[in-house]
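Quick caveat, the model's predicted, so the values are computed rather than measured. The chains referred to below are lettered A, B, ... by the order of the sequence lines, with proteins before strands, and numbering in each begins at 1.
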There are 2 protein chains.
Amino acid sequence: MADSPESQSFCCPDHSGHAPAQAILAQAESRVKSHGLRLTPVRRRTLEILLQAHGALGAYDVLEQLAADGFGAQPPVAYRALNFLVENGLAHRIRRLNAFTACAHPGHDHRAAFLICETCESVTEAPSDAVGAALGVAAQDMGFALSRATIEAVGQCRDCIARETADQRTIA
Amino acid sequence: MADSPESQSFCCPDHSGHAPAQAILAQAESRVKSHGLRLTPVRRRTLEILLQAHGALGAYDVLEQLAADGFGAQPPVAYRALNFLVENGLAHRIRRLNAFTACAHPGHDHRAAFLICETCESVTEAPSDAVGAALGVAAQDMGFALSRATIEAVGQCRDCIARETADQRTIA
DNA sequence: TATCTTATGTTATATCATAACAGTCAAGGC
DNA sequence: GCCTTGACTGTTATGATATAACATAAGATA
């Protein structure tokens, strides 16, 4: 199960594998090109940085790494690249954390929900079609035309639950 | 329908009535007391300010009004009162807007979803039990223990849809 | 009243984000 | 090729949001 494609495709970048960075970068490249846009060096490097990150990264964290790589060291450099990635479905903005994370499966359009672990700060992208549908119904009931949504859950991830359980056994 | 208790209880503060401010303030008072806490003047006034607001208010907007009323004029004054209200279920934080809004029905615990109108900037609290349930299922599938969630939808509210439709008729 | 606790006020600073403009580079027309 | 054009990057400057830390005041309790 830990290695099945299903569990891979929604795992956070450093909770062992989702599709390897290379594959995602290639997908990103073609996706961007098909929209008549360019995955320039800063943008590509920004996506790489997000893909290598453990959890979500703040814009200034990204900026620091970009600067170390010889790109511009001013905030707009990071924000522009990050916004580009978000607008093109290659990354997501996590509002609760004022942070950004690489999209785990950029191949297709989708609405995503995020599971934010309070213990290890990991951010996991979860399938949210059902959630989106429920939200659509609620909106419709209010006469509200929904265009997009932010869905962010806070709690504890599987790994941290397991670790805590193990710790308790050790103590007892 | 426009006057039914149901439609009232989920309307935004200035899209005509939800329960009047007085009633909500009274509810707030008793709710807070039952938790062994106090609805102090700043906190009470902060809640009033939110209740009178058209949409959600930024902390600095609230601060400005508090200062005008003779309360402290420094950010922590507003943030403390706002955080108190949020922690006690009397207000909600709208992360997408970096803003706060009074809870439309503080009488009972509930998970809320917010509908943010891009046209008039109103924020409406929608019942979200179904959305929460769907999110719970998605989380469970990932082995994630959900503790709370942010659900914020962006789109266009009923009033603005109606207004736009009317405008188009006028033009045509 | 003395004491303890909670809340408020203030100073200072951290963190997140964007406007505006200048310089650079790539792609397509000539 | 080379020039124009539009997209991209870099920089300066500033704005907006949020909190840490500590001093003072106000309520509760003994």
Side-chain angles (χ1 to χ4, degrees), chain A residues 28-29 32-47 49-50 53 55-88 90-101 121 150 152, chain B residues 28-29 32-47 49-50 53 55-88 90-101 121 150 152:
Chain A
E29 192 107 39
V32 160
K33 267 189 189 152
S34 74
H35 286 66
L37 301 165
R38 287 185 295 149
L39 192 66
T40 60
V42 218
R43 292 169 176 173
R44 185 186 176 91
R45 183 69 193 117
T46 300
L47 181 52
I49 289 166
L50 291 180
L57 288 182
Y60 281 70
D61 297 324
V62 171
L63 180 59
E64 198 176 319
Q65 296 196 46
L66 287 175
D69 290 345
F71 294 101
Q74 308 308 321
V77 171
Y79 280 102
R80 278 195 292 240
L82 289 166
N83 287 331
F84 174 88
L85 295 175
V86 169
E87 278 160 19
N88 290 283
L90 302 173
H92 299 284
R93 186 169 200 155
I94 311 296
R95 307 215 79 116
R96 187 175 274 272
L97 303 176
N98 291 326
F100 300 82
T101 188
E121 303 198 291
T150 300
E152 295 172 2
Chain B
E29 192 106 36
V32 159
K33 267 188 191 155
S34 75
H35 286 65
L37 301 166
R38 288 184 294 149
L39 192 65
T40 60
V42 216
R43 292 169 176 172
R44 184 186 176 90
R45 182 70 192 119
T46 301
L47 181 52
I49 289 166
L50 291 181
L57 287 182
Y60 282 74
D61 297 324
V62 170
L63 179 59
E64 197 177 321
Q65 296 195 46
L66 286 175
D69 290 345
F71 295 101
Q74 308 308 322
V77 171
Y79 280 102
R80 278 195 292 239
L82 289 165
N83 287 333
F84 174 88
L85 296 175
V86 169
E87 279 161 17
N88 290 281
L90 302 173
H92 299 285
R93 185 172 200 153
I94 311 297
R95 307 216 76 118
R96 190 163 201 115
L97 303 176
N98 291 324
F100 299 81
T101 187
E121 303 199 292
T150 299
E152 295 171 1

*Taking all non-hydrogen atoms of both residues into account, name the closest pair between B:Asn88 and B:Leu37 and its distance.*
OD1-CD1, 3.3 Å

_Taking any heavy-atom pair under 4.0 Å as a contact, classify A:Arg80: base, sugar-phosphate, or nothing._
base

*If you pin B:Asn98 and B:Phe84 to their nearest nucleotides in DNA chain C, which one's is more 5'?*
B:Phe84

*Atom CG of A:Leu63 and atom CD of A:Gln74: how far apart are they, to the nearest 0.5 Å?*
7.5 Å

_Distance, rounded to the nearest Å, where A:Asn83 contributes CG and C:dC16 contributes P_ = 15 Å

*asked:* How many whole angstroms separate atom CG of A:Leu37 from atom P of D:dC8?
replied: 6 Å

*From the list C:dT8, D:dT19, C:dA17, which nucleotide is the closest neighbour of the side chain of B:Thr40?*
C:dT8

_Between CG on residue B:Leu39 and CZ on residue B:Phe84, distance to nearest 0.5 Å_ = 6.5 Å

*Please state how far atom CG in B:Leu39 lies from atom P in C:dT6, giving the value in whole angstrom units.*
17 Å

_Nearest to side-chain heavy atoms of B:Tyr79, which nucleotide of D:dT9, D:dT19, C:dT10_ = D:dT19

*Residue whose nearest DNA chain C nucleotide is more 5′ - B:Pro76 or B:Arg38*: B:Arg38

*Mind checking B:Arg95 for me? I need base, sugar-phosphate or nothing, with any heavy atom below 4.0 Å counting as a touch.*
nothing

*Starting from P on C:dT6, measure out to CG on B:Asn88 and report it in whole angstrom.*
14 Å

*Please give, in whole Å, the distance from D:dA23 P to B:Gln74 CD?*
17 Å

*Which whole-number value in Å describes the distance from A:Asp61 CG to C:dA17 P?*
11 Å

*Value in whole Å for how far the P atom of C:dA7 lies from CG of B:Leu85*: 13 Å

*Measure from CD on B:Glu64 to C1' on D:dT17 and round the result to the nearest Å.*
15 Å

*Quick one: which of C:dT18, C:dA12, D:dT11 gets closest to the side chain of A:Pro75?*
C:dT18

*Any donor-acceptor pair under 3.5 Å between the side chain of B:Tyr60 and the base of D:dA18?*
yes

_Side chains of A:Val32 and A:Arg43, heavy atoms from C-beta outward: is any pair under 4.5 Å?_
no

_If the cut-off is 4.0 Å, is B:Arg43 near the phosphate of C:dT8, judged by side-chain N/O to OP1 or OP2?_
yes

_Gap between atom OG1 of A:Thr101 and atom CG of A:Leu85 - 0.5 Å precision_ = 11.5 Å

